[in-house]
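One structure is given here, and the rest of the page talks about it.
Predicted model only: the values in this text are computed from it and were never measured.
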Amino acid sequence: MIKILNYGEVSNDEIFARVVPSFNVTDIVAEIIDNVRKNGDKALFEYGEKFDKAKLDTLLVSKEEIDEAVASVEPEFLEILKKAAVNIRRFHENQKREGFRLDAPDGTVIGQRVIPVDRAGLYVPGGTAAYPSTVLMDAIPAKIAGVREVVITTPPTAEGKINPAILAAASVAGVDKIYKVGGAQAIAALAYGTESIPQVDKIVGPGNAFVAEAKKQVFGRVSIDMIAGPSEIMIVSDGKSDPRHLAADLLSQAEHDKLASAVLVTDSAELAQAVQAELEVQIPLLERAEIARASIDQNGKIIVADTLDLVIDIANEIAPEHLELCVDEPFAVLEKVRHAGSVFLGRNCPEALGDYFAGPNHTLPTSGTAKFSSPLSVDDFVKKMQFTYYTKEALASVANDVATFAKKEGLTAHAKSAVIRTEDVK
């Protein structure tokens with residue numbers, strides 16, 4: 001049963017405790033990365049047989065396989081994918097940045113260009129945990145950014161097939177290439193390249209502990225989006241919400257993973273007890289009841305505070321991945337929220353809308369990192385490049401200032417490079 005904590009009556013350590021996964025896979029992942037780096041496709045085929053039980057002849061998914069998958073998906077689901085893609089594009093198109101150029105009267109020019117990375121690699125979990133929504137959320141922003149080539153790696157079944165829903169989503173999103181490889185070995189292949197898989201500039205997407213550790217180890221060789229922890233939901237509610245709705249929303253994240261965290265913060269002790277009871281009604285009805293039960297019992301909590309303002313303070317300190325504001329005036333409360341990955345406003349906006357359909361990205365900062373990081377966006381697939389231009393006369397007017405600054409740091413060659421060009425300028 002989910003625990004109820006009264007703020008001020010228990011320690012802050014218990015109120016603000018986070019789920020900390022204890023997997024130690026560092027050495028295993030390092031060995032996998034080294035093997036792929038040295039042996040390329042050979043290592044990938046061996047790992048595919050070892051971990052996925054798949055004997056593959058090729059890693060690349062063919063156009064025929066994609067067409068077959070699209071044809072096999074229910075027409076209704078294909079239409080839903082297309083509708084979701086429209087919403088995701090509409091939202092992310094507004095994130096596009098333009099460069100700028102500043103021209104001064106003395107002839108100096110400074111500015112910035114915004115340039116997409118050449119190639120992005122998207123990791124998509126496969127098998128029983130297949131997420132076509134992740135394909136849309138990761139690939140569409142990359143395409144909007146102007147990435148030249150967007151590739152997917154995803155683990156195959158034992159028959160060497162890719163989940164048709166993933167292939168259909170990739171087709172809708174305009175993914176360029178798809179490869180049958182998963183786990184840490186997929187991250188290694190994207191980071192270093194193999195005979196079949198090209199090296200990318202950026203790796204994004206969720207995965208298990210091995211994938212997360214691999215992303216951590218290849219960072220610096222390539223860029224990554226984030227190291228995402230177990231899924232989180234926090235609901236902020238006054239006493240007027242329907243406890244059935246809140247319980248259902250908490251369970252929408254609890255069913256993800258036994259390590260998922262589902263938290264309700266409210267100023268109503270009566271609501272807290274009602275939600276606690278409703279969870280006991282709903283959990284046994286879930287297909288993933290065992291997972292949800294473990295998540296709720298081990299990591300779930302309901303925090304009761306005296307005022308709604310204090311409730312918001314608690315939410316800001318926890319900085320959740322998903323935050324629902326189930327209150328009368330959610331936009332007014334939104335102004336007080338400083339730290340959250342994605343916020344869902346009002347009593348009719350379940351977090352599941354964000355997972356699949358509304359448009360804002362569902363790849364979000366977890367474990368409190370929303371205090372300093374952001375959801376996946378178009379910005380993740382571009383880089384900024386500065387430029388500067390000075391005329392000889394413009395340089396002459398500031399050369400002594402530059403030289404003085406350089407000498408203050410003991411860098412006389414810097415100083416000389418500025419003044420040498422102006423010695424004949426009057």
Would you call Asp176 and Arg119 a salt bridge, taking side-chain N to carboxylate O under 4.0 Å as the test? no
Before you tell me yes or no, could you show the steps for Gln217 and Thr26 under side chain to side chain contact (heavy atoms under 4.5 Å, CB included), namely the whole-Å CA-CA distance, both residues' side-chain angles and the distance that decides it to 0.1 Å? CA-CA 9 Å; Gln217 291 192 24; Thr26 304; 3.7 Å; yes
Answer yes or no: is there a side-chain heavy-atom contact under 4.5 Å between Asn400 and Val419? yes
Residues Pro132 and Ala169: closest non-hydrogen pair is O-CB, 3.6 Å
Donor-acceptor pair between Asn299 and Ser261 side chains, under 3.5 angstrom: no
With rounding to the nearest 0.5 angstrom, report the CD1 to CD distance, Ile291 to Glu287. 11.0 Å
Non-hydrogen atoms of Val114 and Gly99 that approach each other most closely: CG2-N, 3.9 Å
With side chain to side chain contact (heavy atoms under 4.5 Å, CB included) as the test, would you mind laying out the steps for Asp138 and Asp225 before giving the verdict? CA-CA 10 Å; Asp138 291 357; Asp225 52 350; 5.5 Å; no
Do the ring planes of His322 and Phe344 sit parallel (below 30°), tilted (30 to 60°) or perpendicular (above 60°)? tilted
After noting the C-alpha distance and the side-chain angles of Lys258 and Glu290, does the key distance pass the side chain to side chain contact (heavy atoms under 4.5 Å, CB included) rule? CA-CA 8 Å; Lys258 292 180 179 180; Glu290 181 185 357; 3.7 Å; yes
Enclosure of Tyr356 OH (heavy-atom neighbours >12, cutoff 6.0 Å): no
Under 4.5 Å between any side-chain heavy atoms of Pro164 and Leu167, yes or no? no
If you count heavy atoms of other groups shown closer than 6.0 angstrom to OH of Tyr192, is the number above 12? yes
Are Glu195 and Lys42 ion-paired here, with the side-chain N under 4.0 Å from a carboxylate O? no
How long is the gap from NZ on Lys301 to CD on Glu14, to the nearest 0.5 Å? 7.5 Å
For the backbone of Ala191 and the side chain of Arg37, can you confirm whether one donor and one acceptor N or O come within less than 3.5 Å of each other? no
Output the distance between atom CG (Asp103) and atom CZ (Arg101), rounded to the nearest 0.5 Å. 4.0 Å
If you count every heavy atom of other residues, nucleotides or ligands that lies below 6.0 Å from Asn348 atom CG, does the total exceed 12? no
Working note: Leu190 + Val151, criterion side chain to side chain contact (heavy atoms under 4.5 Å, CB included); need CA distance, chi angles, decisive distance, verdict. CA-CA 9 Å; Leu190 292 171; Val151 304; 3.9 Å; yes
Just how far is it from atom CD of Glu351 to atom NE2 of His362, taken to the nearest 0.5 Å? 9.5 Å
Is any side-chain N of the basic residue among Asp238 and Lys240 closer than 4.0 Å to the acidic one's carboxylate O? no
What closest approach, in Å, do Glu324 and Asp249 show between heavy atoms, and which atom pair accounts for it? OE1-OD2, 2.7 Å
Rounded to the nearest 0.5 Å, what's the gap from CD on Glu65 to OG on Ser72? Could you check? 11.5 Å
Salt bridge (charged side-chain N to carboxylate O under 4.0 Å, His left out) between Glu317 and Lys371: does it pass, once the steps are laid out? CA-CA 9 Å; Glu317 179 59 30; Lys371 287 188 175 181; 3.3 Å; yes
Supply the atom-to-atom distance Leu56 CG to Lys161 NZ, rounded to the nearest 0.5 angstrom. 11.0 Å
Quick one: does Asp106's side chain have a donor or acceptor within less than 3.5 Å of a partner on Glu393's backbone? no
Is there a side-chain contact between Ile152 and Val61, using heavy atoms and a 4.5 Å cut-off? no
Val150 versus Leu122, closest heavy-atom pair with distance: CG1-CD1, 3.6 Å
Is it true that atom CD of Gln298 has more than 12 heavy atoms of other residues, nucleotides or ligands lying nearer than 6.0 Å? yes
Counting heavy atoms not belonging to Phe100, are there more than 12 under 6.0 Å from its CZ? yes
Does atom CZ of Phe219 have more than 12 heavy-atom neighbours, drawn from other residues, nucleotides or ligands, at distances under 6.0 Å? no
Please check if the side chain of Lys215 supplies one atom and the backbone of Ile203 the other of a donor-acceptor pair under 3.5 Å. no
Heavy-atom pair of closest approach, residues Ala85 and Leu136: N-CD1, 4.4 Å
Side chains of Val327 and Pro330 in contact at under 4.5 Å (non-hydrogen atoms): yes
Taking the basic N atoms (NZ, or NE/NH1/NH2) and the acidic carboxylate oxygens, is any pair closer than 4.0 Å for Asp328 and Arg347? yes
Is there a side-chain contact between Tyr7 and Val265, using heavy atoms and a 4.5 Å cut-off? no
How about CZ on Phe77, more than 12 heavy atoms from neighbouring residues, nucleotides or ligands closer than 6.0 Å, or not? yes
Taking atom CD as the centre, does Glu93 end up with more than 12 heavy-atom neighbours from other residues, nucleotides or ligands that are less than 6.0 angstrom away? yes
Please name the pair of heavy atoms, one in Asn361 and one in His92, separated by the smallest distance, quoted to 0.1 Å. ND2-NE2, 3.1 Å
